[in-house]
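Notes follow the structure.
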Protein chains: 2
Amino acid sequence: MRKTFLFMDTIYNKVDAKGRVSLPSDYRAIVKESSSEIVCYRSLSAPCIEGCLEDLLDKLASDMENSLDFFSETQDNLTNLIFGDAKRYPFDSTGRIMLSEKLLKHAQITDAAVFVGKGRKFQIWNPQNWEKEEARIRAEVLKNRPSLKPQAEGEK
Amino acid sequence: MRKTFLFMDTIYNKVDAKGRVSLPSDYRAIVKESSSEIVCYRSLSAPCIEGCLEDLLDKLASDMENSLDFFSETQDNLTNLIFGDAKRYPFDSTGRIMLSEKLLKHAQITDAAVFVGKGRKFQIWNPQNWEKEEARIRAEVLKNRPSLKPQAEGEK
DNA sequence: CTGTTATTTATGGTATAACATGGGATAATA
DNA sequence: TATTATCCCATGTTATACCATAAATAACAG
């Protein structure tokens, strides 16, 4: 049973001419517990790459077969898209993965990428895009939780 | 099974040029039961740093892991905000952690910090800011609960 | 209660290991 | 054979582990 297994933090890394990126060392530590590869796919809801351990997709698959009624047809379709798109990305001894053209294009990533922790998953963004997205999310979350708003002045 | 597991008290510690701070020994005793690291993130509601054990965030992740919400936009936002900001801070044999620039800036901490217990969590404040905040909170509590006022002095 | 000693904790400084990243060599593919 | 992917080594940078000293706290004897 592993102790640490949450993808966290926001890390900026360079992408070299070959499309290689260092997977943040914290992430690697998590992955290494079970294997030496992560699973990536194009996010369905945003222009970014999503990554996770294969375990998570396995759990999704199990849940799908066990409780069919639980899911709408839309969600059923969504899982099809994910599994059709997902692919394993092994990392070498220096901890780098090589992202495919398809993924890079979808996330508009060229020479740099930002890894954003999401708990059991993480996302990989174009740095500028993530900056905007983070601002958008912050605004939206605070809007939906007015109680947080007044004190939020100290931000930034 | 640990005996003590509440972060309490208010402790003042120095922050050196590298951003290192000693985690109060009481806090360390709690953390050591399970690991040798804490998780910190910028408070959403105040200009301070919040800290807790990874277990607390893990529980949050588990709740969100439910496949029903695999595609939920709200949860997407929340997980980005929380896990994207949180980070593990391990402490060495002398009990120090190294706070990131991001955290220090958010809490306006330069050369000293105050640790404030909050039960399962704790906060780290700029000393002056905490002084004001404590006064503010005290005033507010008394205002909203006038019935507490008379007895508050004679407590034991 | 008082002064002294013994432990623990906080803090400053330094050496070491880990990491991100560039480049090149080797292997696989088509 | 040309192209692309995988592996391995080299380097500057930065965080981490470790040691040493100072301060604070607790323990104890007079």
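This is a predicted model, so every value here is computed, not measured. Naming convention: chains lettered A, B, ... in sequence-line order (proteins, then strands); numbering from 1 in each chain.
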Between N or O atoms, less than 3.5 Å apart, protein on one side and nucleotides 4-7 of chain D on the other: list the pairs.
| unit_1 | atom_1 | unit_2 | atom_2 | d |
| --- | --- | --- | --- | --- |
| D/dC7 | N4 | A/Arg20 | NH1 | 2.9 |

Every protein N/O within reach of nucleotides 20-24 of chain D N/O, cut-off under 3.5 Å:
none

Run A/Phe115 and A/Asp9 through side-chain contact (heavy atoms from CB on, under 4.5 Å) and show every step you take. CA-CA 8 Å; A/Phe115 291 78; A/Asp9 204 4; over 6 Å; no
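At distances below 3.5 Å, at least one donor-acceptor pair connects side-chain atoms of A/His106 with backbone N or O atoms of A/Ser43. With hydrogens and angles ignored, the 3.5 Å screen pairs no side-chain donor or acceptor of A/Asn13 with any backbone N or O of A/Val21.
With sequence neighbours left out, the side chain to side chain contact (heavy atoms under 4.5 Å, CB included) criterion links B/Lys14 to no other residue. Take B/Leu104 and apply the side chain to side chain contact (heavy atoms under 4.5 Å, CB included) test, not counting sequence neighbours, and it matches B/Leu99, B/Ile109. In this view, B/Arg120 satisfies the salt bridge (charged side-chain N to carboxylate O under 4.0 Å, His left out) rule with no residue, not counting sequence neighbours. Under the salt bridge (charged side-chain N to carboxylate O under 4.0 Å, His left out) criterion, A/Glu134 pairs with A/Arg138, B/Arg42, not counting sequence neighbours. In this view, B/Phe122 and B/Phe7, B/Tyr27 satisfy the ring-ring contact (aromatic ring centres under 6.0 Å, His included) rule, not counting sequence neighbours. Residues passing the salt bridge (charged side-chain N to carboxylate O under 4.0 Å, His left out) test with B/Lys132, sequence neighbours excluded: none. For B/Lys121, the side chain to side chain contact (heavy atoms under 4.5 Å, CB included) test picks out B/Tyr41, B/Glu50, B/Cys52, B/Leu56, B/Lys118, with sequence neighbours left out.
When all heavy atoms of A/Phe83 and A/Leu57 are compared, the pair lying nearest together is CZ-O, 3.4 Å. Pairing each heavy atom of A/Met8 with each of B/Ala86, the nearest pair is CB-O, 3.3 Å.
Dense packing is recorded around NZ of A/Lys102, with more than 12 heavy atoms of other residues, nucleotides or ligands lying under 6.0 Å away. Heavy atoms of other residues, nucleotides or ligands lying less than 6.0 angstrom from CZ of A/Arg88 number 12 at most.
Inter-axis angle, ends of the helix from C/dC1-D/dG30 to C/dA30-D/dT1, five pairs per end, rounded to 10 degrees: 40°.
Within 4.0 Å of A/Ser25, counting heavy atoms only, lie sugar-phosphate atoms of the nucleic acid but no base atom.
Running 5' to 3' along DNA chain C, contacts with non-hydrogen atoms of chain A at under 4.0 Å begin and end at C/dC19 to C/dG24.
Side-chain heavy atoms closer than 4.5 Å link hydrophobic residues (I, L, V, M, F, W, Y) into clusters, and following such links, even through other members, never connects A/Trp125 to A/Met98.
Of the residues in residues 9-17 of chain A, A/Asn13, A/Lys14, A/Asp16 come within less than 4.0 Å of DNA chain C through at least one heavy atom, sorted by number.
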